[in-house]
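These notes are about the structure you will find just below.
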There are 2 protein chains.
Amino acid sequence: MDAIDLNIIELLRGNARLSYAELARQVGLSAPAVHERVGKLESSGVIRAYRAEIEPESIGLGVTALIEIIEESAADTDDVLESFRAIPEIESCYFMAGVESFLLKARVGTIGELEALIVRLNRTPGVASTRTGIALSTKWENRPQPVGTPPA
Amino acid sequence: MDAIDLNIIELLRGNARLSYAELARQVGLSAPAVHERVGKLESSGVIRAYRAEIEPESIGLGVTALIEIIEESAADTDDVLESFRAIPEIESCYFMAGVESFLLKARVGTIGELEALIVRLNRTPGVASTRTGIALSTKWENRPQPVGTPPA
DNA sequence: ATGTTCAGATCGATCGCGTCCACGGACTGT
DNA sequence: ACAGTCCGTGGACGCGATCGATCTGAACAT
């Protein structure tokens with residue numbers, strides 16, 4: 001993992017569909033060389049996936065909500081997690097420090113669907129209570145930050 | 001925007017580096033046809049970008065925080081937004097309903113850097129106070145949900 | 001210093017893909 | 001029925017992906 005790898009990563013975060021030839025030109029190596037580097041980054045787990053970023057409204061997901069979950073004191077966190085994982089509307093799931101164990105980012109089509117989701121979450125075994133905030137608009141999301149090797 | 005477009009979108013959300021030929025096979029069209037459809041989806045803004053998803057720890061961004069912002073009553077929201085936009089650590093920014101105007105997702109390398117970020121946010125003109133939650137772990141993030149056209 | 005070894009890059013060649021173009025069929029409105 | 005339009009197909013050509021072989025340079029041991 002050297003400066004060239006970081007360079008490749010930065011380029012692919014900006015545009016995952018760049019060809020190997022184009023990557024090669026930009027980092028100053030040959031195409032097979034970057035091909036091999038990218039392969040290693042993928043198999044070592046540094047590159048997790050390549051995803052198209054879609055405007056959510058256009059696929060009927062106009063409502064974004066952030067939901068904090070407070071667990072019951074006797075809850076099994078792993079079981080709760082598995083329940084959440086089975087709910088497709090939950091796009092992100094963070095395990096948090098603090099009273100609220102989880103923070104979920106969910107996307108649904110309508111406020112009605114959000115209501116159904118919240119009911120479902122509150123009924124989930126191990127969940128004591130929820131607190132939901134609705135995003136009126138998403139200013140930006142998953143903006144890649146420049147990769148400068150951080151201070152030692 | 002028909003079923004084939006949704007199919008293409010779903011495939012590209014799963015793997016943005018699929019070739020047009022492969023996409024064509026999976027949706028049952030010729031390669032030029034999907035090429036044209038993808039081009040239209042891009043220029044109409046449905047497809048915003050293609051991004052490689054990177055394991056944050058491997059590029060020195062091991063600390064994830066979610067920060068709620070309460071604005072001063074006299075604050076100019078647009079100015080506050082521009083200040084936030086200039087801070088690279090802020091990966092996502094939602095404008096929320098409720099007392100807290102914004103919810104930010106930020107990623108930094110160390111707790112020390114997080115402290116510096118919070119100080120910077122609190123000093124930002126228009127910001128009355130902040131409330132920060134630290135993600136102990138990210139269970140998953142930006143999981144694409146299946147695109148079934150939702151009920152009318 | 002010299003030789004050995006190994007990692008990683010380049011070079012060259014082959015195969016498949018991206019991309020442009022002209023043609024053709026279906027649907028719309030008149 | 002006819003003309004216009006949209007959208008897809010098929011062919012062709014040049015470039016890119018990808019494999020194997022060779023080469024270079026660094027690290028280490030003698």
Side-chain angles (χ1 to χ4, degrees), chain A residues 1-61 142 144 146-152, chain B residues 1-61 142 144 146-152:
Chain A
M1 172 70 94
D2 59 5
I4 294 181
D5 282 333
L6 287 175
N7 201 344
I8 291 173
I9 286 172
E10 182 141 22
L11 290 166
L12 286 176
R13 284 217 291 179
N15 180 5
R17 277 181 84 79
L18 285 176
S19 69
Y20 291 114
E22 184 58 30
L23 284 170
R25 273 188 287 272
Q26 303 219 19
V27 303
L29 291 177
S30 66
V34 317
H35 183 252
E36 188 180 345
R37 279 172 178 263
V38 170
K40 285 181 183 169
L41 289 171
E42 289 171 357
S43 57
S44 71
V46 173
I47 297 178
R48 287 213 195 107
Y50 302 97
R51 300 202 181 288
E53 191 183 302
I54 305 297
E55 190 189 35
E57 295 79 14
S58 61
I59 51 173
L61 296 174
N142 300 121
V147 293
T149 27
Chain B
M1 172 70 92
D2 59 5
I4 294 181
D5 281 333
L6 288 174
N7 201 344
I8 291 172
I9 286 172
E10 183 140 23
L11 289 166
L12 286 176
R13 284 216 294 177
N15 180 7
R17 277 181 83 80
L18 285 177
S19 69
Y20 292 115
E22 184 59 32
L23 284 170
R25 275 188 285 272
Q26 302 218 20
V27 304
L29 264 64
S30 66
V34 315
H35 183 250
E36 188 180 343
R37 278 172 179 264
V38 170
K40 284 181 183 168
L41 289 170
E42 288 170 359
S43 58
S44 70
V46 173
I47 296 179
R48 286 213 196 107
Y50 303 97
R51 298 199 184 290
E53 191 182 301
I54 305 297
E55 191 190 31
E57 294 80 13
S58 62
I59 52 173
L61 296 175
N142 298 125
V147 294
T149 26

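Below, chain A is the first sequence line, B the second, and so on; all start at residue 1.
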Could you grab the distance from atom [atom1] of [X] to atom [atom2] of [Y], nearest 0.5 Å is fine?
{"X": "Met1(B)", "Y": "Leu6(B)", "atom1": "CE", "atom2": "CG", "value": "5.5 Å"}
{"X": "Ile9(B)", "Y": "Ser58(A)", "atom1": "CD1", "atom2": "OG", "value": "5.5 Å"}
{"X": "Ser19(B)", "Y": "His35(B)", "atom1": "OG", "atom2": "NE2", "value": "11.5 Å"}
{"X": "Leu12(B)", "Y": "Glu42(B)", "atom1": "CG", "atom2": "CD", "value": "8.5 Å"}

- Item | Sorted by number, the residues of residues 16-28 of chain B with heavy-atom contact under 4.0 Å to DNA chain D | none

- Query: Contacts to DNA chain C from residues 34-48 of chain A, heavy-atom cutoff under 4.0 Å, which residues?
  - Reply: Arg37(A), Lys40(A)

- Range on DNA chain C touched by chain A - first to last nucleotide, heavy-atom distance under 4.0 Å: dG8(C) to dC11(C)

Would you call [X] and [Y] a side-chain contact if the rule is heavy atoms closer than 4.5 Å?
{"X": "Arg13(A)", "Y": "Ile59(B)", "answer": "yes"}
{"X": "Arg37(B)", "Y": "Asp2(B)", "answer": "yes"}
{"X": "Asn15(B)", "Y": "Glu22(B)", "answer": "no"}

- Task: Could you pull out the closest heavy-atom pair between Ala52(A) and Ala16(B), with the gap in Å?
- Result: N-CB, 3.6 Å

- State whether Arg48(A) and Glu55(B) are salt-bridged, where the test is any N-O pair (Lys NZ or Arg NE/NH1/NH2 against Asp/Glu carboxylate O) under 4.0 Å. no

- Between the main-chain N or O of Leu18(A) and the side-chain N or O of Arg17(B), is there a donor-acceptor pair closer than 3.5 Å? yes

